[in-house]
Amino acid sequence: MVKIWEPSEELPDRIKKLREEYFSFYDRGYFRNEVIPFTTGTEWDELYSYHDWGDVPELFNYFAGIRDSLRSMAIKVDLPENFWAESSATRRAVFFRKVIEEYLPVKILNGELIVGSHFSTALSKCFTKKEAKAWWKEESKWLKEMVRLHDVGVMNCGAISGHIVPDYKKVLEKGFKGIKEEIEQQMERHDEKGEKDYCKSMIIAIEGTKRFAERYAEEAEKIAKGEKNEQRKKELLEIARICKKVPWEPAETFHEALQSVWFTHMLDMAAESYPGPGLSHGRFDQYMYPYYKKDIDEGRLTKEFAKELLECFWIKHNYAYDFMGFVGVKQGITSGFGQLMTLGGITKGGEDAVNELTWLLLDVIDDMNMLEPKRNIRISKKTSDKFLMRVCESIRKTQGSAFLLNFDENAIKGLLWEGLSEEDAIDYGVVGCLENTAQGKDRSGTVDVNPNLAKPVELVLNNGRDMLTGKLVTSKTGRPEEFLSYEEFEEAYFEQLDQCLEKALENASKADEIRAKYEPTPYLSSLIEGCAEKGKDVRNGGPVYNFITVEGVGIATAADSLAAVKKFVYDDKQISMEELIEAIKNNFEGKENLRRMLSTKAPKYGNDDDYVDSIARNISRHWTEEVFTRTSPYTGRRFRGGYLSWNYFIDFAPLTAATPDGRLRGTYLSNGIQPVQGKDKKGPTAVIRSAGKLGLETAPNGASQVIAFSSASLKDEEHLEKFASLLRAYGEVGGTALQINMIDPGTLKDAQKKPEEYENLLVRVTGYNAYFTVLGKEIQDEIIARESHAV
Amino acid sequence: MLKTSLGEKEFERSGDFISGAKKVDGIIFNIQRYSTEDGPGIRTTVFMKGCPLRCSWCQNPEGLSKEPDLVWYQTRCVAALECLKVCREEALKLTEEGMSIDREKCTRCGECVKACPAGALELIGKRYNTEELLDEVLRDRVFYEKSNGGVTFGGGEPMLQVDFLEDILPKLKETNIHVAIDTCGAVPWKYFERIIDYVDLFLFDLKLLDEQKFREYTGGNIGLVTDNARQISSRKIPMWVRTPIIPGYTDDEENIRSISEFVVRNLPTAQRYDLLSFNNMCKSKYERLGMNWELKDVPLIEKGDMEEFRKIAEGTGLSNVRWSGPTRIGGE
């Protein structure tokens, strides 16, 4: 039986109220964290960069409207004298500082213990008239080419904000005061004026944090004065004390540490302008533990109160979704924030890193039932059985939604492959959804470039032209009818793939360049190692590690397509290339039998079948190794591969012609490194092994894999243990990241309607097994009823 | 339904299985990976064709015959009619009720299966030689290792293919993989003798202890079954005893009590006792095989009854008694 995940009844009243308040978007007119735009007041001001959203094709048509709206709504910020004489970075820093010190509204919600409310902004780019003109010229040229390539299904790209782990640990240990001193020392070292000046801008930006926090202290004191409830009054005065101290000074208590992290984090989102997606905490249980332990050991803190503080901290993250509250109030219509918290894993010495705080955080996650911050559990060989079972229990309780699992050995292998030091690789954090990155020193730019790996199949079959529009996309690779062997066909595929990548990387480099040249973020740079040392912005190659991640879309669709061509055209010679091309151009109209044959009788990736898995591996190794040889010329950031594929398997679906695996135009491509929907018919172990064969270390970003289980497969202790063992094995033979889903009655009903997409759905009872879709309707209904109700 | 079973003499004559030849193929109707219901840990279950019993409630009727069975899946059929064109025996006819298969005429040649573009026709039952099957079951080795799992041979009745087992089991043991045999026990002891040294666990069915009822409902000889159970246990091989709880057949308290008592007295190596509730999901399988199933309208067992049976079993001194399987919805 599936009991849908709910918040715990045991939550303290304070937390219940704060939680409900968050979910009552329409009722809280007194506070909504909606975007507040701020302008320099010039008529040429810009507040919105299209390249921030280049990976959201749904938005392309709204870009101009959003740009204009933000400009027209913007609040003018009074600028100091000499503002326009300063460098671009300094102007941005001064502007940011001014906004957080004077303009960003301050709001403390009733009962909350962690404060800091308004952080959604759209900040002026602070352009001079000349810069604005140059920026727009480059931006609109980049956009035109990007949209052109997108519209023929080749790729989308941008220079996406967020997706980074700032060095929150450093803020806790040194405070911004200490960070400022460090930057000053670095500034002394620099000879070049530009670098010195850049360091100055970082200092200006972070100095604003002091006054910003004090504004909250003043607000707390003000509310305390009128507060009748003695308990709350005490709390407010404690909040005021803490806000006078952090994040400027180092944190000493657990409460101070949480407040310091929250302020630092929310200001990051403000600095990058809304929504700063994927901005992530890194290994929270590791750097917060000393503060927790000290307070507990010295009797200042109880476990219960620590939990309550964490729960207050938890709720704050969800307010990121307020920016779209009037569009959909259910925790955000796209669920797209991904403020990740990395938990568990191994220590620098290679031992199990799970501590008391990790355990406590699992309770918080279970009890809160909130989307943000999203959780990633690092599972390693050293993870104890006890902890792994606890994780599995949570997966069962939350239908898998509590966490995503990252597998240390496989993840670290990829990070070493891309050149991280062993120390940094072991200490990796996760951003966005599942993307692996070094903490506090890595601008890995995940989701920046998203090429369609299935499109080159169409371009081979149509000799470089998009089938829908007839437009020439790439140069010719010859008439496929004349290819004498599968090897020739495969070679043509790789040539088309390389051409698509070439165009994608060129265009992405342009977005990267525009952002680096015109839109520095000194505040965020202060939290990333390397920026002060080099005197360069985080967006401009400042960090120790600099990557732009290329997330391949549709690998299984591509591999299955090549396998079908190999088998039917070349190996078995059952169909001719002419016939295949003709059928595909006509979207298999009048050729349903052929389509069925391709769809059901060719080898499919995801079944541990080397015939097709080896093709998938060749494709994966080919393109990931290819992109890794390239860098973005302006910033020097190196392209690296990965498989996130967000929702592009949907977006590219109508833009990709029918494929030789029997897929029709418009049917979704495969997602992440998953098999084509419904084609993995040998169960989870076979899917895992197919994924493992890809050789994913050359895709160091990590790869998205989702496996669905029926509730029966986790029904009791015995099954949970088997499931835990499956996870252990995944760490050895699988990929880097796994999301567990539960098959729910809705899925089963869908399978009744669309049996072709659910051929893999297995019903298993002791001594009996059958595929769901071949059961009689009446038995299917009974199984659905069983999943819907108590069994 | 026809109630026939092979006696010892017939076994000797059924040359397909017991050939005495060194190399025989296994005839297998399914290989189930990530199998979590057939023994400890994560397993691969190999379902072997052919069964000496004809239990009225059989869950896997495609495992009864040792011959391949041709089946047709309505949900996959696109009415391409290619199958009709290639069938030399004219054994197929697509009617308003679906595909009619004349099983007398059909020679299981498989031409229609090849011709069908949609995979709607399937021959259940495929030959594997030892190397092919080893390749298949060794693929999940790491999963067995992490979970203390292994390979289970079930069916049908795997012991009917003892020649094949005798070839493959030693090779599996060489790789240290845990081997379980899921058996109804109704084969001569000497078959067990040939492979018992390579088996780590027997999943042993005790369905009914009443001699007459057992013969009536399954066509078998319970004396042979219980003797084999005793012998296995005396050879110190761990056993998991299983009883299917079938309404009107095995679901009386006395039956459960007597089986439990038998286990307590005679099977010292029994590690657990599983009560498996009746499951009607195989209805579609019978339809596809053109077989009538007497139990097709029988309602499921009630949860409370399963609990009751578990208590009865425990009352005899058995420990580790579990029940699983579907129970009636509503009225709980």
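Labels below follow one simple rule: chain letters A, B, ... track the order of the sequence lines, proteins then strands, and each chain is numbered from 1. FYI, side chains are in, hydrogens and waters are out, and symmetry mates aren't considered; it's all heavy atoms of this structure. This structure is a prediction, so every number in the text was calculated from the model and none was measured.
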**Q** Where the side chain of A:Tyr758 meets the backbone of A:Asp750, is there a donor-acceptor pair that is under 3.5 Å apart?
**A** no
**Q** Checking A:Lys754 against chain B: side chain, backbone, both or neither under 4.5 Å from a heavy atom?
**A** neither
**Q** Could you tell me which portion of A:Ile688 (side chain, backbone, both or neither) has an atom closer than 4.5 angstrom to a non-hydrogen atom of chain B?
**A** side chain
**Q** Answer yes or no: is there a donor N or O on one side and an acceptor on the other, between the side chain of A:Glu409 and the main chain of A:Glu732, under 3.5 Å?
**A** no
**Q** Flag the one option from B:Gly149, B:Gly63, B:Cys116 with the top tally of heavy-atom pairs under 4.5 Å to chain A.
**A** B:Cys116
**Q** Identify whether the distance between the nearest side-chain nitrogen and carboxylate oxygen of A:Glu718 and B:Arg322 falls below 4.0 Å.
**A** yes
**Q** Out of A:Ser599, A:Gly683, A:Pro684, return the one with the most heavy atom pairs under 4.5 angstrom to chain B.
**A** A:Pro684
**Q** Under a 4.5 Å cutoff for heavy-atom pairs, which residue among A:Arg595, A:Gln780, A:His719 has the most contacts with chain B?
**A** A:His719
**Q** For the residue pair B:Asp182 and B:Thr152, confirm or rule out a side-chain donor-acceptor distance under 3.5 Å.
**A** no
**Q** Indicate whether any N or O donor in one side chain lies under 3.5 Å from an N or O acceptor in the other, for B:Gln271 and B:Asn320.
**A** no
**Q** Look only at the side chain of A:Lys722 and the backbone of B:Ile42, and say whether a donor-acceptor pair between them is shorter than 3.5 Å.
**A** no
**Q** Between A:Leu594, A:Leu727, A:Leu726, which residue shows the highest count of heavy-atom pairs closer than 4.5 Å to chain B?
**A** A:Leu726
**Q** Find the one option among A:Lys682, A:Glu721, A:Met597, A:Arg689 whose heavy-atom pairs under 4.5 Å with chain B are most numerous.
**A** A:Arg689
**Q** Output yes when a side-chain donor or acceptor of B:Thr250 lies under 3.5 Å from a complementary backbone atom of B:Lys207, and no otherwise.
**A** no
**Q** Are any side-chain N or O atoms of A:Gln674 and backbone N or O atoms of A:Val706, one a donor and one an acceptor, separated by less than 3.5 Å?
**A** yes
**Q** What residues, two or more places apart in sequence or in another chain, satisfy ring pair (Phe, Tyr, Trp, His ring centres under 6.0 Å) together with B:Phe204?
**A** none
**Q** Is it the side chain or the backbone of B:Val142 that comes within 4.5 Å of chain A heavy atoms, both, or neither?
**A** both
**Q** Quick one: which of A:Thr773, A:Asp608, A:Val733, A:Thr600 has the most heavy-atom pairs under 4.5 Å with chain B, could you say?
**A** A:Asp608
**Q** Counting heavy-atom pairs under 4.5 Å with chain A, which one of B:Glu287, B:Glu145, B:Arg139, B:Glu82 comes out on top?
**A** B:Arg139
**Q** Heavy atom to heavy atom, less than 4.5 Å: which residues from residues 378-388 of chain A reach chain B?
**A** none
**Q** Kindly assign one of parallel, tilted or perpendicular to the pair A:Phe709 and A:Phe723, based on the angle between their ring planes and the thresholds 30° and 60°.
**A** perpendicular
**Q** Name the region of B:Pro40, side chain, backbone, both or neither, that has any atom closer than 4.5 Å to a heavy atom of chain A.
**A** backbone
**Q** Whether the side chain of B:Arg328 engages the backbone of B:Ile301 through a donor-acceptor N/O pair (distance < 3.5 Å, no angle test) should be reported.
**A** no
**Q** Side chain, backbone, both or neither: which part of B:Glu136 has a non-hydrogen atom closer than 4.5 Å to chain A?
**A** side chain
**Q** Non-hydrogen atoms of chain A under 4.5 Å away: do they reach the side chain of B:Phe143, the backbone, both or neither?
**A** both
**Q** Centres of the A:Tyr730 and A:Phe407 rings: under 6.0 Å?
**A** yes
